[in-house]
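Here the structure comes first, spelled out in structure tokens, and everything after it is commentary.
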Amino acid sequence: MGDGHCLKDMVPFLGMVTVEATNVVLNVLFKSATSRGMSVYVFIVYSYAVATLILFPLLFVFNRKRLLLPPFKFSLLCKICSLGFIGFLSEIVAYKGIDYSSPTLASAIGNLTPALTFMLAIFFRMEKLALRSLSSWAKITGTIASISGALIVVLYKGLQLTSTSPPLQFIAFLQPVNSPQMKWIIGGLLLVAEDLLVSIWYIVQAQVMEAYPEELVVVFLSNLCLTIISAPVCLIAEKSLSAWRVEFDIALAAIVFSAFWGSAFGVVVPTWVVRLKGPVYVAMFNPLSIVIATAMGVMFLGDILYLGSIIGAIVISIGFYIVTWGKAKEETIEDFGVGSLESLSDPKIPLLLSCQSEV
């Protein structure tokens, strides 16, 4: 019993860690491909079209033993289509943001997702907010810290830690749009918008999974909707026919990797974990990508590492872990009750009790 309970917690944990690592690799491949001329619009259409083709046979492989699926209503189909539309918008702003900035900034800004998801979960009444509760105040404090860290990352660069170091400075707004400083700001704002869209996506996804707990079916249909929506829009945005011809180079590698690990595996696993653990739990794994993105960006893309990015990432990560602690405290109270004040006051209990209570 105890081993089964620990396994139930460990498998989602390992799955989300793997998802975050593959997302960083995908961002680095994408940045490398776009720097060599690949169009963002071509990348989105091809990667999701291939992912849809990959997921289609898996429906029959993993659902062949199920004779009956839950009833499928029109309102549910509308929500799944909205997942595809929100996913398309988030992909556009995310990859444009990375194109303007770097995968390192994308990973740092990505830590806003838990705070934004928490605020949206409060709005949709999927999370509890009790002002007399320590866990609620922890999540509020962590949200404020995460937003503050994001502002530091976007607006403050500081010393260049991997090259010649200029004086500390904030980024001036009165600069040409094509200047590196303004591109950094625009990229950061686009990445913040992407995190907001991802948070909305998590909320809608949680509602869909509650009504229709079939991960592969939901992901396949949302990917199909995204492909159908993105194809005409991207064809209009990218009118050059030569841009749609992909050679056997880094561009093809980025598309295939995105289809297998980003659009398929990277969506199926979070969808399953959302149903099992909730949307806030999924969003809490974003800080794991900071170190990976920083190392890969510096080594393979020649990115410049700024002091502001480090400070902002630390502040965001502190906010992340405060929100995580508040969520864990809240779940501990819900699982084991509030009758034993002594057990809740012991900081060791929330970490060990889930694996030892049934031993």
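Model, not experiment: these values are computed from the prediction.
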Show every donor-acceptor pair shorter than 3.5 Å between a side-chain atom in residues 75-86 and any protein atom, with sequence neighbours excluded, or say none if there are none.
| residue | atom | partner | partner atom | Å |
| --- | --- | --- | --- | --- |
| Ser82 | OG | Lys79 | O | 2.4 |

*Measuring from Asp99:CG to Phe30:CZ, what's the distance to the nearest 0.5 Å?*
5.5 Å
_Nearest-0.5 Å distance that lies between atom CG in Leu53 and atom CZ in Phe220_ = 8.5 Å
*Look at the side-chain heavy atoms of Ile, Leu, Val, Met, Phe, Trp and Tyr, link any pair under 4.5 Å apart, and say whether Phe248 and Val256 land in one connected group.*
yes
*Grab the two heavy atoms, one from Thr52 and one from Tyr48, that are nearest each other, plus how far apart they are.*
OG1-O, 2.8 Å
_Between Glu194 and Ser90, is there a side-chain donor-acceptor contact under 3.5 Å, judged purely by atom types and distance?_
no
_Using 30° and 60° as the class boundaries, would you call the ring planes of Tyr95 and Phe43 parallel, tilted or perpendicular?_
perpendicular
*From Ile44 atom CD1 to Ile229 atom CD1, the distance as rounded to the nearest 0.5 Å*: 12.5 Å
*From Leu191, Leu189, Ile185, Ile186, residue fulfilling side chain to side chain contact (heavy atoms under 4.5 Å, CB included) relative to Tyr100*: Ile186
*Measure from the side-chain N and O atoms of Lys96 to the backbone N and O of Gly187, and report whether any donor-acceptor pair falls under 3.5 Å.*
no
*Is the backbone N or O of Lys239 less than 3.5 Å from a side-chain atom of Trp244, with the two atoms forming a donor-acceptor pair by type?*
no
*Who are the side-chain contact (heavy atoms from CB on, under 4.5 Å) partners of Ile144, not counting sequence neighbours?*
Ile140, Ser148
*Using the test side-chain contact (heavy atoms from CB on, under 4.5 Å), find all partners of Met119 that sit at least two apart in sequence or belong to another chain.*
Leu116, Thr143, Ile147
*For the side chain of Ser258 and the backbone of Ala254, is there at least one donor-acceptor N/O pair under 3.5 Å apart?*
no
_To check you understand the geometry: which heavy-atom pair defines the closest contact between Ser242 and Ser240, and what is its length?_
OG-OG, 2.8 Å
